[in-house]
Amino acid sequence: MKKATSIFLLITFILLLCSCGAVKPEIEDSEWKMRTIVHIEDGEASYDASAEEIDGHPEAKIVEMTLVAKDGKITINDITNDKKYEGSYIVSGRNPKGADYHITIDGKSGYATVAMTTYADGTEEATLPISIGGYSMYFCAK
């Protein structure tokens, strides 16, 4: 009985150590770089894209934006248009793969999720999709 308990404790300890290494990205973990933004107004969609993503959206304007979140405050820097947007965020839920947030930026409320995205070629990266005020924004870890 003592041997079975020892083996059980050893296996539990190993499983705990293995799960500690699992990547669970948080909004504070990175400086985020914008990939694409879709804005819906009057049923029409307009697109902004980073220089790397313009091929998929030939009608898009090229825009460079970064996002930083720390201590409940969120800042988006629109480098292309020399604008800054500020707001706040709180965690609304966590799961084994990431976290969900309620965000407010310049008085508009929305939602964000941070998780690892796995692509068809098997590569993974931390991503941050945001839905706020008629905009769907997609950021990746810088």
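For the single chain, residues carry numbers from 1 onward in sequence order. Bear in mind the structure is a predicted one, so any value in this text is a computation, not a measurement.
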Engineer: Rounded to the nearest 0.5 Å, what separates atom CG in D106 from atom NZ in K83?
Structural biologist: 10.0 Å
Engineer: Looking at every heavy atom in both I132 and S109, which two are closest together, and how far apart are they?
Structural biologist: CG1-O, 3.5 Å
Engineer: Decide whether I76 and V68 are clustered together by the hydrophobic rule: side chain heavy atoms of Ile, Leu, Val, Met, Phe, Trp, Tyr closer than 4.5 Å, transitively.
Structural biologist: no
Engineer: Closest approach of F139 and T66, non-hydrogen atoms and distance?
Structural biologist: CE2-C, 4.3 Å
Engineer: How are the rings of H102 and Y111 set relative to one another: parallel (under 30°), tilted (30 to 60°) or perpendicular (over 60°)?
Structural biologist: perpendicular
Engineer: Do the side chains of I130 and I40 join up, straight or via other hydrophobic residues, at under 4.5 Å, putting them in one cluster?
Structural biologist: no
Engineer: Any idea which heavy atoms bring A112 and L128 closest together, and the distance?
Structural biologist: CB-CD1, 3.8 Å
Engineer: Starting from Y85, can I reach Y101 by hopping between I/L/V/M/F/W/Y residues whose side chains sit under 4.5 Å apart?
Structural biologist: yes
Engineer: Within the distance-only criterion (no hydrogens, no angle test), does the side chain of T80 pair as donor or acceptor with the backbone N or O of E64 below 3.5 angstrom?
Structural biologist: yes
Engineer: Okay, side chain of W32, backbone of I27: is any donor-acceptor separation there less than 3.5 Å?
Structural biologist: yes
Engineer: Is the number of heavy atoms from other residues, nucleotides or ligands within 6.0 Å of CD (E44) greater than 12?
Structural biologist: no
Engineer: Which pair of non-hydrogen atoms, one from I54 and one from A60, has the smallest distance, and what is that distance?
Structural biologist: CD1-O, 3.3 Å
Engineer: How long is the straight-line distance from OG1 of T75 back to NZ of K70, given to the nearest 0.5 Å?
Structural biologist: 12.0 Å
Engineer: Looking at NZ of K142 and CG of L67, how far apart are the two atoms once the value is rounded to the nearest 0.5 Å?
Structural biologist: 11.0 Å
Engineer: Does any N or O in the side chain of Y89 come within less than 3.5 Å of the main-chain N or O of G72, such that one atom is a donor and the other an acceptor?
Structural biologist: yes
Engineer: Work out which heavy atom in I62 is nearest to a heavy atom in A51; give both atom names and the distance.
Structural biologist: CG2-N, 3.9 Å
Engineer: What distance separates T36 OG1 from M137 CE, expressed to the nearest 0.5 Å?
Structural biologist: 10.0 Å
Engineer: Which distance, rounded to the nearest 0.5 Å, do you find between the CD1 of I103 and the CD1 of I74?
Structural biologist: 5.0 Å
Engineer: Clusters formed by hydrophobic residues whose side-chain heavy atoms approach within less than 4.5 Å: which one holds I79, and what are its other members?
Structural biologist: none
Engineer: Between Y135 and I105, is there a side-chain heavy-atom distance shorter than 4.5 Å?
Structural biologist: no
Engineer: Which residue is it: M34, K33, R35? I am looking for the one with a side chain to side chain contact (heavy atoms under 4.5 Å, CB included) to M65.
Structural biologist: M34
Engineer: Any chance the side chains of T118 and E124 put a donor and an acceptor closer than 3.5 Å?
Structural biologist: yes
Engineer: Where is the tightest heavy-atom contact between P25 and K97, given as atom of each residue plus distance?
Structural biologist: CD-O, 3.6 Å
Engineer: Side chains of E53 and Y47: is there a donor and an acceptor less than 3.5 Å apart?
Structural biologist: no
Engineer: Above 12 or not: heavy atoms from other molecules or residues under 6.0 Å from CG of N95?
Structural biologist: yes
